[in-house]
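Heavy-atom basis, side chains included; hydrogens, waters and symmetry copies ignored. On a predicted model such as this, the values are computed, not experimentally measured, just so you know. The chains referred to below are lettered A, B, ... by the order of the sequence lines, with proteins before strands, and numbering in each begins at 1.
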There are 2 protein chains.
Amino acid sequence: MPDNATYHFVVADDHPLFRGALRQTIELLYPGAGIAEVGTLEDAAAELERHGEVDLLLLDLAMPGMRGFSGLMYLRAQYQSVPVVVVSASEDAGTIRRCMELGASGFIPKSLGIEVIREAVSQVMAGGSWTPPDVDLGEADSEASAMAQRLSTLTPQQVRVLMMLSEGLLNKQIAYELAVSEATVKAHVSAILQKLGVESRTQAVIAAAKIEQGQWLTAEAR
Amino acid sequence: MPDNATYHFVVADDHPLFRGALRQTIELLYPGAGIAEVGTLEDAAAELERHGEVDLLLLDLAMPGMRGFSGLMYLRAQYQSVPVVVVSASEDAGTIRRCMELGASGFIPKSLGIEVIREAVSQVMAGGSWTPPDVDLGEADSEASAMAQRLSTLTPQQVRVLMMLSEGLLNKQIAYELAVSEATVKAHVSAILQKLGVESRTQAVIAAAKIEQGQWLTAEAR
DNA sequence: GCCAGCGGCAAACGCTGTTTGCAGGTGTCC
DNA sequence: GGACACCTGCAAACAGCGTTTGCCGCTGGC
C-alpha cells in the first residue's frame, strides 16, 4: 500500500449501517486511507474544518441539518477544494441534475451495487465526475438551474450570509454571529443581491428557498 | 326539485374528466343546482367573485396557480362564507390535517367511490365537516400547525398582502397593485408581522413558505 | 513583485420597512 | 339606537436596509 495512507475521506450519512458499508467499500479500494464517519451536517463541517486536506466527501442528502440542497451548497462553498459525491436514496433526474449544478463531483444512488460505487469513487478520485449512466441530465429547467449557477459564484462568506438571511436574521444579528461589523455584512448582502440578480434581501431568500426545497418532506417526517 | 335551484356549486379541478365526474355526482345529489366548472385558481376566484353566494367549492390542491396550500389559504381568506372541500389525489394525514387547519370544511381523496363522495358533500352542505374515516388527524406537528392557526386569523386584505410579500414585492409595488397608498400597505404588513409573531417581512415570507410548500414537487414537474 | 480576488471596515446618502395613532365604514349585540 | 369590535385606509416619525466610495490587509497565481 503506497501513499494510500495520505488519502483522507469523510463519510457523512444519517444511517450508521450504510456509513459502515461505504467505509468498507473505500477501505477495499484504498487500503490504509483515513476515513472519518459523521452523522450530521454540523459534524461534517467540523471534520472538514479540523482536517484541511480531505480528498473526498461522501454526502447523504437527507442528513440532519441539511435543508434540502442548501447543505450541499454550504459545504461546497466553504470547502471548495473538497470534492463531494452525493449519496442518496432518491435517484430522479431533477435531484441529480441539481446536485451537479451545485458543484457535486458525482451522484451515487443508494440502490447501486458495490462494484459500481467503487468505480464511481475511483473515477471522481481521478479528477473526473460520475453520475448514473441510465439517467439523462438533458434539459435545463431554466429558472432553478440558472439560479443554481448564480449561487455557485458566491464566495464562502457570502454563502454563510445568505443562509442567515434565509433564517430571517437582521444584518446586525448576522454581524454578531460572524463576529464582523454590520458594514461588512451590508457589503456581503449587496454582493449577494447583485450575483443573484435580485433586488432585496427578501427576494434573495425566496430564490434560495426555491433551490433548497428538495422534493422529500424530510422536514415533515422529522 | 324544490329549492335545489338556489344551490350553487363551484368545481375547481385541473382535470376536465374528473371535474365532469364531480359535477354529475353533485347533480344527482342536488338536481337543478347551479354548477360552475373552472380549471385554475384564477378562474375559481373570478367565479366566486362573480357569484356572491356560492354554497360549496370543491377544490383540487394541485391546480395551476395554487402554490401548495397557499391557494386554499387565499380562497378561504377572500371568501370566508364559502365552505371549501379539498379534493386531492394525495391522502396522507399531514396534507389532510393542514387543509383542515387552513379552514377547509372537508377533504376527499380522489380514490374514494361516488357514494362516499356524495355522503361527504351532503354532510358538509348540512354545515358539518368530513374527512376520511381511516385517517388519524391526531398529533399537532407543533410549529407548522401553530403557524396555520395564526395564518387563519389574517383578514382577506392581509392575506393578499402576505402573498405579495411572498413574491418579493416592495410595499410600493403592493400598494400599486392593490390600489391603496403605501402607508396602508405598511399598516397591513405591520399587522401581519404581529399576527404571525415574527419581526420582519423576510421572516413572514419564510413562515408562509413553510406552510405553502406541499410535499409534491408540482413546481418541478411543471 | 505584481495583480486579482476575498474579506473586512467606515461614512454618508436615499430608500424601504416598521411602528404608532387616528379616522371612516360595516356589522353585531344588547 | 347606541356601544362595541373589526376591517380598511392614511400619515408622520424612526429604524433598518441597500448603495456607493474608498480604504486596508491577506492570499494565491503569474
Figure out the [atom1]/[atom2] separation between [X] and [N], and round it to whole Å.
X      : N      : atom1 : atom2 : answer
B:E182 : D:dC10 : CD    : C1'   : 12 Å
B:L165 : C:dT18 : CG    : C1'   : 12 Å
B:I174 : C:dG17 : CD1   : P     : 8 Å
B:L193 : D:dA15 : CG    : P     : 18 Å
A:L169 : D:dC17 : CG    : P     : 10 Å
A:Q173 : D:dG16 : CD    : P     : 10 Å
B:K172 : C:dG17 : NZ    : C1'   : 12 Å
B:Q194 : C:dG21 : CD    : P     : 11 Å

Out of [options], which nucleotide sits closest to the side chain of [X]?
X      : options               : result
B:R201 : C:dG17, D:dC17, C:dG7 : C:dG17
B:A187 : D:dC7, C:dT19, D:dC10 : D:dC10
A:L170 : D:dC17, D:dG18, C:dG7 : D:dC17
B:V189 : C:dC9, C:dT18, C:dG7  : C:dT18
B:V180 : D:dC10, C:dG7, C:dC9  : D:dC10

Interatomic spacing from CD1 in B:I192 to CG in B:L165 - rounded to 0.5 Å:
5.5 Å
Tell me whether the rings of B:Y30 and B:F9 are parallel (<30°), tilted (30 to 60°) or perpendicular (>60°).
tilted
DNA chain D: 5'-proximal contact among A:S200 and B:A183 (nearest heavy atom)
B:A183
B:Y176 side chain to B:E182 side chain, donor-acceptor N/O pair below 3.5 angstrom:
no
Any side-chain donor-acceptor pair under 3.5 Å between B:T202 and A:T202?
yes
State whether [X] places a side-chain N or O below 4.0 Å from either non-bridging phosphate oxygen (OP1 or OP2) of [N].
X      : N      : value
B:S181 : D:dC10 : yes
B:Q157 : D:dG9  : yes
A:N171 : D:dC17 : yes

Taking any heavy-atom pair under 4.0 Å as a contact, classify A:T184: base, sugar-phosphate, or nothing.
base
Scan A:S190 against the nucleic acid and name what it touches under 4.0 Å (heavy atoms): base, sugar-phosphate only, or nothing.
base
Side-chain (A:S166) to main-chain (A:L162) donor-acceptor, under 3.5 angstrom
yes
For B:K186 and A:H188, take the nucleotide of DNA chain C holding the closest heavy atom to each; which residue's nucleotide lies nearer the 5' end?
A:H188
